[in-house]
Each structure stands twice: as structure tokens, then as C-alpha cells.
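In what follows, chains are A, B, ... by sequence order, proteins preceding strands, each numbered from 1. On a predicted model such as this, the values are computed, not experimentally measured, just so you know.
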There are 2 protein chains.
Amino acid sequence: MNIGDVATLSGLPAKTIRYYEDIGLVKPLRSSNGYRTFRESDAHKLAFLGRARALGFTIEDCRNLLALYEDEERASAEVKEIAKQHLERIDGKIKELKEMRATLAHLVEECAGDHRPDCPILADLSMKRRDEDMRRKSA
Amino acid sequence: MNIGDVATLSGLPAKTIRYYEDIGLVKPLRSSNGYRTFRESDAHKLAFLGRARALGFTIEDCRNLLALYEDEERASAEVKEIAKQHLERIDGKIKELKEMRATLAHLVEECAGDHRPDCPILADLSMKRRDEDMRRKSA
DNA sequence: CTAAGGGCTCCCCCCGCTGGAAGGTCAACA
DNA sequence: TGTTGACCTTCCAGCGGGGGGAGCCCTTAG
């Protein structure tokens, strides 16, 4: 299989696949004309990578997951640990985003959004730390 | 004020402030020794930027917000529009993360996490698109 | 006089790709 | 046989939003 074929199969852009080779995630063979030649197993790995990335795992996570995937003797505990840590990262991000959302939604509600210049959003962004602390406490 | 002073006041690292000058968000003066000299207004802008960035606004958003902040004739509708768009971006990200979280949490639950190699997490990551679609539908 | 603690510029690094230029290869068709 | 046009190759640059660090200058206190 050439790169275009695995790209179609895995849903990853060819550029990304070349990059994954660069950083050592896949190691396709080369045919005499210099083209990359992918085996079935490479195609599987790439599909695996695509799904892991879609779940938000970092490239380093993927590298470790792939190593475990290939290791028949692995302990599922190792995999679970990686996934759990990732779950925590996701939870952290969700929390952060929700806090932003809450503040922002509040400000958007307060803002008249008309032709006048008075704007609570700008007022909040420009206000001093002391006031911000007060707002936080009252919220 | 030198850069260290505004860094302390705004809570932004000096590096970041230099970067903001680079991209034209602030335009401090220079004193004869080459040091940046920040006015009160620069300090306010930087604090403004720090808070806008903390709410997740992109640099380009910040640029626009800052312009509106400085424009006494602005219409609050313009500010509100930027904020609303950002709110939508945040909602999109939260949704995305929640979907990841749901899938991942399910997998983590299923995984025994012991010394044995059997692992539903790896099984899911390596399984074919058809099966994935089925799982999605049943979920 | 010297040392510490600012400040300055400059360039490379991070992540995870993405785009583009300049060129080689291959299959189909006239 | 020549010529398209779709592939493929490498390499270099850049995104956002800074961070790290080298190697230098300036200032102030002891």
C-alpha cells in the first residue's frame, strides 16, 4: 500500500502519516522507487493512532499505548493508568472551560449590546484586582 | 515603569509582555538606556490583556477588544458579538471534551486494570470503524 | 571595585501538524 | 512515443502563544 491508500483507510492526511514516520510511530518499508510501502499492520497502527488522537491522547501517550498494544504480555493496569491520567487531564480542562464560560456568560447577559458605548464586558476586563476579588467572593 | 514593574502589576511574565509589544498589542516608550518605559495606560492595557487571555480570548480577539476599549464611541454590541462568538467556541470545546470523556470513562470502567493483558481500551482503539459506529449508535 | 539584579536582543524549542515549492514516478491515453 | 495528470518524494516555513537560555549592557549598594 502507498501512503494515499493508508491515508484513505485510516482517515489521516498523508502529511500526518509522514510526520508519524518522522517521529517514529510507524516504520513503513520503502520500495525501489522511494515510495513508502505500508503493511497491513502499519495500516492498523495508523487507524489506532487516529482513534487515540481523536480521544485526545497526546502523541507520547499514543507512543506508549502503541507499545502496550504490541506487547502481548502487557498488564491492562498499565493501559488503564494512562487512560485514567488522561481522563483527569480532560476533567481539568472541562472545569477550566466551565469557569470561563460562567464568567463570560454572565458578562454577555449583562451587556445591552446596543449602539451605546457602555459595556460591562469591557468594564470587567479593565477593572482592578481588588474589585475582581470582590466579584469572585460574591459569586 | 520598567518591564519588571508592569510584570508584577499585571501578573504577566516579562517575556510575554515583550511578545505583546512584538505583535503590537502594547507600545511602550524607550528610555535613553534602551529600557522599555511603561505608562499607566500601558499597565492597564496589560492587565486588561491578562484578564482577557485568562477568559480564553485569542490574541486577535484581544486586539479587537483592546481597540474597542480605547474607542469611546464604540457600540457595546460589537463587544458583545466578540464575547458571544467566544462563548460558542468554549461551548464547542466543552462538548467535544465531554464526548471524549464519556467514551474514555466507559472504557476505563470496563478495564480490569490488573496483571492480565486483556484490555478493552486497547481493543476499542484497535477496532474497526464499523464496530465503532455500532457502539456509538447503541450509546 | 565588585557583585547582584535588573534590563536588552537573539535564536531555538515546544505541540501537532499544515502548506507549499521543486522535483521524481507511474498509468492511461492519443 | 509523447504527454498529461495523479501520485509520490524531500525540504523549509509557519501557526499560537509563548518559554529557555546565551551573551551582553546598565544601575545601584556595599
Side-chain angles (χ1 to χ4, degrees), chain A residues 1-38 42-43 45-46 48-66 85-86 89-90 92-93 96-97 100, chain B residues 1-38 42-43 45-46 48-66 85-86 89-90 92-93 96-97 100:
Chain A
M1 276 189 288
N2 284 343
I3 200 168
D5 306 319
V6 274
T8 304
L9 282 180
S10 66
L12 296 170
K15 276 267 181 188
T16 300
I17 296 173
R18 289 193 195 101
Y19 173 67
Y20 287 173
E21 185 192 15
D22 258 22
I23 61 173
L25 288 181
V26 272
K27 297 184 178 64
L29 306 171
R30 295 287 178 144
S31 61
S32 52
N33 58 12
Y35 287 18
R36 288 168 184 83
T37 299
F38 296 83
D42 295 317
K45 276 199 208 177
L46 287 168
F48 183 102
L49 286 169
R51 285 187 284 264
R53 293 288 298 135
L55 284 178
F57 284 105
T58 66
I59 293 285
E60 279 323 293
D61 281 343
C62 288
R63 199 187 296 282
N64 294 326
L65 288 173
L66 213 42
Q85 285 181 15
H86 182 40
R89 284 201 305 265
I90 290 179
K93 281 190 192 168
E96 205 178 323
L97 285 171
M100 285 182 192
Chain B
M1 276 191 287
N2 285 341
I3 200 166
D5 306 319
V6 275
T8 304
L9 283 179
S10 66
L12 296 170
K15 276 262 180 189
T16 300
I17 296 173
R18 290 194 193 101
Y19 173 67
Y20 287 174
E21 185 193 14
D22 257 23
I23 61 174
L25 288 181
V26 273
K27 297 182 178 66
L29 306 170
R30 293 288 177 143
S31 60
S32 52
N33 59 10
Y35 287 17
R36 288 165 184 84
T37 299
F38 296 83
D42 295 316
K45 276 199 209 177
L46 288 168
F48 182 101
L49 287 169
R51 285 187 285 264
R53 292 287 299 135
L55 283 179
F57 283 105
T58 65
I59 293 284
E60 279 323 293
D61 280 344
C62 289
R63 198 187 297 281
N64 294 326
L65 288 173
L66 214 42
Q85 283 180 16
H86 181 40
R89 284 201 305 265
I90 291 179
K93 281 190 193 168
E96 204 179 325
L97 285 171
M100 285 183 192

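- Pairing each heavy atom of B:F48 with each of B:L66, the nearest pair is CD2-CD1, 3.5 Å.
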For every nucleotide of nucleotides 2-16 of chain D, 5' to 3': is a protein heavy atom under 4.0 Å from its base (B), only from its sugar-phosphate (S), or from neither (-)? -----BSBBB-----

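- Atoms CD and CG, from B:E21 and B:D42 in turn, are 9.5 Å apart once rounded to the nearest 0.5 Å.
- With rounding to the nearest 0.5 Å, the separation of OG1 in B:T16 from CG in B:L25 is 11.5 Å.
- Look at B:T16 and you'll find a side-chain N or O under 4.0 angstrom from OP1 or OP2 of D:dG19.
- Rounded to whole Å, the distance from CG on B:L55 to C1' on D:dG17 is 17 Å.
- Straight-line distance from the CD1 atom of A:I17 to the P atom of C:dC17: 11 Å, rounded to whole Å.
- Remark: B:I59 CD1 to B:Y19 OH distance equals 5.5 Å, nearest 0.5 Å.
- B:N2 CG to B:R36 CZ: the interatomic distance, rounded to the nearest 0.5 Å, is 10.5 Å.
- In summary, A:E60 and A:R63 engage in a salt bridge, as defined by a charged side-chain N under 4.0 Å from a carboxylate O.
- Distance B:L29 CG to C:dC8 P: 13 Å, rounded to the nearest Å.
- An OP1 or OP2 oxygen of D:dG18 is reached within less than 4.0 angstrom by a side-chain nitrogen or oxygen of B:Y20.
- Across all non-hydrogen atoms, the minimal contact from A:I17 to A:V26 is O-CG2, 4.3 Å.
- Rounded to 10 degrees, the angle between the two end axes of the helix from C:dC1-D:dG30 to C:dA30-D:dT1 is 30°, with five pairs used at each end.
- In this structure a side-chain-to-backbone donor-acceptor pair under 3.5 Å is missing from A:H86 to A:D61.
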